[in-house]
Amino acid sequence: PRHIYQRLVAAAGHVRLLDPCAGKGQALAELQAHLRATAKSVTSYAVELDVARYEQCLLRFPDTAINSDWFQMVTSNDAVSLLFANPPYDYEVVASDDDSKKKMRLEWNFLRNAEDKLQPGGVLVFIVPQQVLANRRCANHLAAWYDDINVYSVVDGEFEKFKQVILFGVKRTKRQDVDKRIVSKIL
């Protein structure tokens with residue numbers, strides 16, 4: 001994730017990182033190492049559902065890796081200063097208000113479920129297929145809740161393969177009216 005942490009401003013205080021779908025923990029470990037150069041302290045929390053990947057993650061984060069389904073976790077809101085979200089790319093069938101079944105992007109569900117853990121002024125790093133951000137509902141939500149939004153393609157050669165983008169944003173204290181210029185930037 002060198003291309004990610006090069007875009008992060010140096011942190012000076014106490015930094016808490018959360019990756020709700022950490023895999024083997026490699027990306028989170030690299031972010032942690034980068035931020036340790038300037039921060040007073042860095043604590044990383046890694047959550048991984050798959051047992052084999054969790055066991056690899058546990059080697060990097062023996063005290064703070066958790067083997068669990070993120071959606072079953074109970075944790076404090078406004079608790080982390082950086083949310084690193086590279087969720088699984090897929091659809092999830094969910095029940096809607098009228099008892100019908102509806103397909104929702106899993107990435108969107110991860111964002112909505114994890115972002116409450118990010119403190120106001122905290123940084124969101126959201127790595128998703130470009131089509132997720134092209135969804136107006138997602139773009140409106142991000143524009144209402146985040147400042148300083150920037151969207152980048154992943155490293156050269158990878159974008160063509162996976163169509164991934166990286167969104168950076170700073171969480172606001174409260175929701176604001178949607179600025180259509182920011183929505184256009186996201187879309």
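Please read these numbers as outputs of a predicted model, since none were measured by experiment.
No continuous path of hydrophobic side-chain contacts links Tyr54 to Leu17 [ILVMFWY only; heavy atoms under 4.5 Å].
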- Task: For Gln56 and Gln26, run side chain to side chain contact (heavy atoms under 4.5 Å, CB included): C-alpha distance rounded to whole Å, both residues' side-chain angles, the deciding distance at 0.1 Å, then the answer.
- Result: CA-CA 9 Å; Gln56 293 291 313; Gln26 182 176 343; over 6 Å; no

- List the steps and the verdict of side chain to side chain contact (heavy atoms under 4.5 Å, CB included) for Ile166 and Val151. CA-CA 6 Å; Ile166 305 166; Val151 180; over 6 Å; no

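For an aromatic pair to be called close, the ring centres must be under 6.0 Å apart, and Phe126 with Phe110 fails this. Ring centroids of Tyr152 and Phe168 are separated by less than 6.0 Å, placing the two rings close together.
At least one side-chain heavy atom of Gln32 sits less than 4.5 Å from a side-chain heavy atom of Arg36. Counting heavy atoms from C-beta on, the side chains of Asp78 and Lys171 come closer than 4.5 Å. No side-chain heavy atom of Leu28 sits under 4.5 Å from any side-chain heavy atom of Arg60. By the 4.5 Å heavy-atom criterion applied to side chains, Arg136 and Val183 are counted as neighbours. Using a 4.5 Å heavy-atom cutoff, the side chains of Pro120 and Lys174 are not in contact.
A 6.0 Å sphere centred on CZ of Arg175 holds more than 12 heavy atoms belonging to other residues, nucleotides or ligands. The environment of Arg172 atom CZ is dense: over 12 non-hydrogen atoms of other residues, nucleotides or ligands sit within 6.0 angstrom.
Side-chain atoms of Trp70 and Asn113 form a donor-acceptor pair, as typed in the model, at a separation below 3.5 Å. For the 3.5 Å distance criterion, the side chains of Gln119 and Arg16 qualify, holding a donor opposite an acceptor. A side-chain N or O of Tyr146 and one of Glu115 form a donor-acceptor pair less than 3.5 Å apart.
Annotation for Leu59: hydrophobic cluster partners, listed by chain and number, are none (ILVMFWY side-chain heavy atoms under 4.5 Å, direct or chained).
With Leu167 as the partner, the side chain to side chain contact (heavy atoms under 4.5 Å, CB included) test is satisfied by one option alone out of Leu111, Leu133, Val125, Asn150: Leu133.
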